[in-house]
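Please read the structure below before turning to the comments.
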Amino acid sequence: MNQNEKEGINVLSLFDGISCARLALEKAGIKINKYYSSEIDKSALKIQEHHYGSDPNFIQLGDVRNIKGLDLADEIDLVVLGSPCTNLSSINPIDRRGLEGSESKLFYEAIRIIKEIFIFQPYHKKLYFLMENVASMRTVDRDKITEELSNIFENEVQLLKIDSALVAPAHRRRLYWTNIPNVTIPEPAGLNYADILENGYVNRDKANVLLSGNVTLTNGIFRHFKMSIGNIIYKEKDFAEVPTEEKLLRYPQILANSGYEGKARNITDDLDFPNGCYRHPTIREYSRLMTIPDDYVDSVAGVSKTEKQKTLGLAFTVDVVAHLFQGLK
C-alpha cells in the first residue's frame, strides 16, 4: 500500500452513517483522496454536511440500492461497510430473520456492489474491504456473510471478534471481516467509563453498549439493572457505591422528593440530575464512549439530542477501526 499511502486512497463507505470510517482512516494516518459515502438517514446526512459539505472529494451517493459498482471500479481501493444489524441483533426479539430480514438483507446489495467493483477493477488494482456487524448474530448468518465475502476474496477473508471495551470506555462486541493484511486484536488501552464523565459518578468500569435509545429518567433505573441496558450517571458517589438492591429501594423516595414527572423536554442543562439521582450521558460523553471527537456530533445544529444519540448508537468505535486500518500502511 506504499503507493496508495503516498497518493491517497479512494474509499467507498456503504451504510456510512456519520462517516466514522473517515475519522478512523484519518486517525490511522491514511491519506484519503476521494471518499464516496452511501447514506440515507436525514440526521446522519446533516452531520456529514456540517463537516464535509464544502469538500469536493466527499461524494454522497445516497441509497445503496441505486449504486452501480461498475461506475466506481476504476477508482475504489477500499470498501467499508456496517450493513444494518436490525434483524441480526439479539436486542431485537421481535424480528430476528437475520439476513432475510427487511433491513439486514441490504447486506446483499453491498455484496453486489463489491462484486461489481472487484470484477471490473483494473488488473493492477488491489481491492480491500472491512465489514463490521454485531457479534450476537446467529451462527448461520455469520457463516453466510463469511461465505459471500469468500466467494469474492477467497482465502483472504479474515474474521475477528473484538469488544470495543479494549480501547474504549464502553462494551461493543462486534465481528469484523476484512482482507487487510496483518490485522490483530488491539491491546487494552485502560480507558474507563469514569474517565470520560463531565460530572457525577458511575459504578462500573465500562459502560454498556451504546444503543439508539436509553432508559428513562423516571423508572428506567429498574430496567437498567434488570436487563443490563442503557447508561446512567449518578449524582452522589455514595449512592453509586451502594449495592444494587439498596439503590432500587432508596430510589423511589429520591424520585418523589425531586418532583420530576418525566418531562425531558423541560431539562435545560444536560449535566443536571432532574430526578435527584441520575442523568443520561451528554452527547459529548456518548461520543467519548465511541472514541469519536467531542464536538463532532455535539456541535451540529438542527439535529435533536435524541437523533444525535441514535446516530452515535449506529456508529463504529473509531479507535477499533483505526487499529484495523493500520494494515493499509
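What you see is a predicted model; the values in this text were computed from it and never measured. Numbers for residues simply follow the sequence, beginning at 1.
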Residues E75 and K34 bridged, charged N to O under 4.0 Å: yes
Carboxylate-amine/guanidinium contact R288 D294, below 4.0 Å: yes
Crowding at CD, E187 (>12 non-hydrogen neighbours, <6.0 Å): no
Under 3.5 Å donor-acceptor, K206 side chain and Y193 backbone: no
Whether over 12 other heavy atoms sit under 6.0 Å from K305 NZ: yes
Same apolar cluster: M227 and V215, side chain cutoff 4.5 Å: yes
Donor-acceptor under 3.5 Å (K247 side chain, V242 main chain): yes
Residues K144, D141: salt bridge by 4.0 Å N-O rule: no
Same cluster (ILVMFWY, side-chain, under 4.5 Å), I18 and L45: no
Side-chain donor or acceptor of D269 paired with backbone N/O of L271 under 3.5 Å: yes
Side-chain (E285) to main-chain (E198) donor-acceptor, under 3.5 angstrom: yes
Residues N57, Y36; criterion side-chain contact (heavy atoms from CB on, under 4.5 Å); working and verdict: CA-CA 8 Å; N57 290 319; Y36 291 92; over 6 Å; no
Heavy-atom side-chain contact between S19 and Y35 under 4.5 Å: yes
Any donor-acceptor pair under 3.5 Å from K46 side chain to G302 backbone: yes
Non-hydrogen side-chain atoms of V79 and I76 separated by less than 4.5 Å: yes
Short side-chain donor-acceptor distance under 3.5 Å, Q158 and Y176: no
Polar side chain donor-acceptor pair, N33 to N10, under 3.5 angstrom: yes
Heavy-atom pair of closest approach, residues G230 and N208: O-ND2, 2.9 Å
Gap between atom OG of S287 and atom CG of D298 - 0.5 Å precision: 6.5 Å
Beyond-backbone contact of E236 with Y201, side-chain heavy atoms, under 4.5 angstrom: no
Donor-acceptor pair, side chain of N133 and main chain of R174, under 3.5 angstrom: no
Spacing of L328 atom CG and I30 atom CD1 [to the nearest 0.5 Å]: 5.0 Å
side-chain contact (heavy atoms from CB on, under 4.5 Å) between F239 and N203, worked out: CA-CA 9 Å; F239 187 88; N203 65 335; over 6 Å; no
Other residues, nucleotides, ligands: >12 heavy atoms within 6.0 Å of N182 CG: no
Ring centroid separation Y278 to F273 under 6.0 Å: no
Within-4.5 Å side-chain heavy-atom neighbours: D41 and E39: yes
Main-chain N/O of L255 paired to S258 side chain as donor or acceptor, under 3.5 Å: yes
Co-membership, hydrophobic cluster, residues I229 and L248, 4.5 Å side-chain: yes
Heavy-atom donor-acceptor pair, K310 side chain to L211 backbone, under 3.5 Å: no
Closest approach of R250 to D238 (non-hydrogen atoms, all atoms of both residues): NH2-OD2, 4.3 Å
Basic-acidic side-chain contact under 4.0 Å: D270, R279: no
Derivation and outcome, side-chain contact (heavy atoms from CB on, under 4.5 Å), residues F15 and L314: CA-CA 10 Å; F15 318 101; L314 295 172; over 6 Å; no
Closest heavy-atom pair and its distance - F316, V80: CE1-CG1, 3.6 Å
Nearest non-hydrogen partners of I180 and L324, listed with the distance: CG2-O, 3.6 Å
D195 side chain reached by P169 side chain, heavy atoms, under 4.5 Å: no
Salt bridge E109-R112, side-chain N to carboxylate O under 4.0 Å: yes
Any S43 side-chain heavy atom under 4.5 Å of T311 side chain: yes
Sidechain-backbone polar pair: T291 side chain, D319 backbone, donor-acceptor under 3.5 Å: yes
Carboxylate-amine/guanidinium contact R172 D163, below 4.0 Å: no
Parallel, tilted or perpendicular, as decided by the 30° and 60° cut-offs, for the rings of F222 and Y251: perpendicular
Ionic contact status for K126 with D77, cut-off 4.0 Å: no
Shortest non-hydrogen contact from R204 toward A207: CD-CA, 4.4 Å
R138 vs D143, salt bridge (charged side-chain N to carboxylate O under 4.0 Å, His left out): CA-CA, chis, key distance, verdict: CA-CA 9 Å; R138 301 174 303 174; D143 291 348; over 6 Å; no
N/O donor-acceptor pair under 3.5 Å between Y296 side chain and R284 backbone: no
Minimum-distance pair of heavy atoms, taken over all atoms of Q121 and L127: OE1-CB, 3.4 Å
CA sep, side-chain torsions, deciding dist, call: L14, I113, side-chain contact (heavy atoms from CB on, under 4.5 Å): CA-CA 10 Å; L14 304 172; I113 294 166; 4.2 Å; yes
Side chains of P186 and I162 in contact at under 4.5 Å (non-hydrogen atoms): yes
Mutual orientation of the aromatic rings belonging to Y52 and F58 [parallel < 30°, tilted 30-60°, perpendicular > 60°]: parallel
Residue pair D16 / Q48, side-chain heavy-atom distance below 4.5 Å: yes
T216 vs T218, side-chain hydrogen bond (donor to acceptor under 3.5 Å, both in side chains): CA-CA, chis, key distance, verdict: CA-CA 5 Å; T216 68; T218 49; 3.1 Å; yes
Rounded distance [0.5 Å steps], CD1 in I47 versus OG in S299: 9.0 Å
Cluster overlap I145 with V64, hydrophobic side-chain contacts below 4.5 Å: yes
